[in-house]
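As the structure is a computational prediction, the values presented were derived from the model and not from experiment.
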Amino acid sequence: MIKIYHNPRCKKSRAGLDYLQSIVKDIEVVKYLNDTPSIKELKEIIAKTGKKPGDFIRKQEEHYKRNMKGKELNDDQILEEMVSNPKIIERPIVVHDDKAVLGQPPEEIDKIL
């Protein structure tokens with residue numbers, strides 16, 4: 001089962017979902033603004049990408065600019081911010097088995113299929 005963490009209001013997230021649906025039919029769509037993953041789940045997802053939590057922060061969001069920019073936050077603090085303010089999470093994130101990728105551009109999804 002392939003899972004996509006998706007924000008329907010985001011153009012890039014919609015493009016990622018459309019691309020994924022053109023390739024695969026069995027997809028679990030998680031609207032993460034309503035169904036936010038826990039810190040433990042985010043850690044597991046991000047670990048599957050080989051990246052750090054800070055790589056999944058939307059730096060153009062107001063919350064980031066007001067509360068995080070210029071601060072030295074460790075991974076756990078960043079994860080706490082992500083769970084408390086899911087709007088700052090980059091999207092879409094696609095998870096397949098033990099791999100995950102940020103689907104920007106959508107063709108990045110091919111790396112885990």
Side-chain angles (χ1 to χ4, degrees):
M1 170 72 70
I2 296 174
K3 187 182 287 190
I4 182 169
Y5 291 85
H6 173 61
N7 177 353
R9 297 187 70 198
C10 173
K11 181 178 179 180
K12 290 179 182 177
S13 192
R14 288 192 310 270
L17 179 59
D18 289 345
Y19 184 79
L20 189 58
Q21 288 174 326
S22 74
I23 301 170
V24 179
K25 299 302 173 210
D26 195 17
I27 303 167
E28 179 182 351
V29 178
V30 178
K31 295 179 183 174
Y32 70 90
L33 293 179
N34 301 326
D35 187 14
T36 307
S38 67
I39 289 175
K40 181 180 183 242
E41 290 171 312
L42 278 174
K43 271 187 184 180
E44 291 171 0
I45 293 165
I46 293 169
K48 291 177 181 186
T49 69
K51 296 184 178 193
K52 295 281 196 181
D55 297 327
F56 290 85
I57 298 296
R58 293 177 46 82
K59 294 176 176 63
Q60 67 273 29
E61 292 293 335
E62 271 309 304
H63 179 81
Y64 171 80
K65 292 176 184 176
R66 281 186 276 126
N67 301 296
M68 299 172 69
K69 187 176 182 177
K71 294 184 179 176
E72 291 292 324
L73 301 175
N74 65 36
D75 288 350
D76 288 334
Q77 290 169 316
I78 293 170
L79 289 163
E80 287 174 21
E81 291 289 341
M82 292 168 84
V83 169
S84 300
N85 305 280
K87 198 171 182 184
I88 66 170
I89 300 173
E90 276 289 5
R91 62 241 181 189
I93 301 171
V94 181
V95 181
H96 183 232
D97 296 330
D98 62 347
K99 298 176 270 183
V101 69
L102 181 61
Q104 292 184 30
E107 294 78 16
E108 286 292 305
I109 296 168
D110 292 339
K111 293 180 179 178
I112 63 167
L113 298 179

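K99 NZ to I109 CD1: the interatomic distance, rounded to the nearest 0.5 Å, is 13.5 Å. The line from CD of E28 to NE2 of H6 is 13.5 Å long, rounded to the nearest 0.5 Å. With values rounded to the nearest 0.5 angstrom, K3 atom NZ is found 6.5 Å from I45 atom CD1. The CD atom of E41 lies 12.0 Å from the CG atom of L79; values are rounded to the nearest 0.5 Å.
Side-chain contact between I46 and M82 is present, with heavy atoms from C-beta onward closer than 4.5 Å. Between K87 and H63 the shortest side-chain heavy-atom distance does not fall below 4.5 Å. Here the side chains of I88 and M68 are in contact, with some heavy-atom distance below 4.5 Å. For the pair R91/Y5, no side-chain contact is recorded, criterion being any heavy-atom separation below 4.5 Å from C-beta on. A 4.5 Å side-chain heavy-atom check between N7 and I89 finds every atom pair outside the cut-off. Considering only heavy atoms from C-beta on, D55 stays 4.5 Å or farther from L102 through its side chain. Here the side chains of I78 and E81 are not in contact, with every heavy-atom distance at 4.5 Å or above. Within the 4.5 Å cutoff, side-chain heavy atoms of M1 are placed close to those of D26.
K59 NZ: more than 12 foreign heavy atoms inside a 6.0 Å radius. Environment of NZ in K52: sparse, with no more than 12 heavy atoms of neighbouring residues, nucleotides or ligands closer than 6.0 Å. Under a cut-off of 6.0 angstrom, the local environment of NZ in K69 is sparse, with at most 12 non-hydrogen atoms contributed by other residues, nucleotides or ligands.
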| query | After noting the C-alpha distance and the side-chain angles of L113 and I2, does the key distance pass the side chain to side chain contact (heavy atoms under 4.5 Å, CB included) rule? | reply | CA-CA 9 Å; L113 298 179; I2 296 174; 3.3 Å; yes

| message | Walk me through whether L42 and F56 qualify under side chain to side chain contact (heavy atoms under 4.5 Å, CB included). | response | CA-CA 10 Å; L42 278 174; F56 290 85; over 6 Å; no

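Remark: the backbone N or O of D76 is not paired with any side-chain donor or acceptor of K43 at under 3.5 angstrom. Checking side-chain atoms of E108 against main-chain N and O of P105 turns up no donor-acceptor pair under 3.5 Å. Counting only distance, with no hydrogens or angles, the side chain of K25 and the backbone of Q21 share a donor-acceptor pair below 3.5 Å.
In plain terms, the two heavy atoms of P92 and G16 that are nearest each other are CG-CA, 4.1 Å. For the residue pair P86 and T36, the shortest heavy atom distance occurs at CG-OG1, 3.5 Å. Nearest heavy-atom pair, S38 versus V83, reported as atom, atom and distance to 0.1 Å: C-CG2, 3.9 Å.
I39 and Y64 fall within the same hydrophobic cluster, defined by Ile, Leu, Val, Met, Phe, Trp and Tyr side-chain heavy atoms under 4.5 Å apart, directly or through other members. If you chain together hydrophobic residues whose side chains sit under 4.5 Å apart, L17 and V95 never meet in one group. Two different hydrophobic clusters hold Y32 and V29 under the rule that ILVMFWY side chains link at heavy-atom gaps under 4.5 Å. Linking Ile, Leu, Val, Met, Phe, Trp and Tyr whenever their side-chain heavy atoms come within less than 4.5 Å leaves V101 and V30 in two separate clusters.
Remark: E44 does not engage K48 in a salt bridge, criterion side-chain N to carboxylate O under 4.0 Å.
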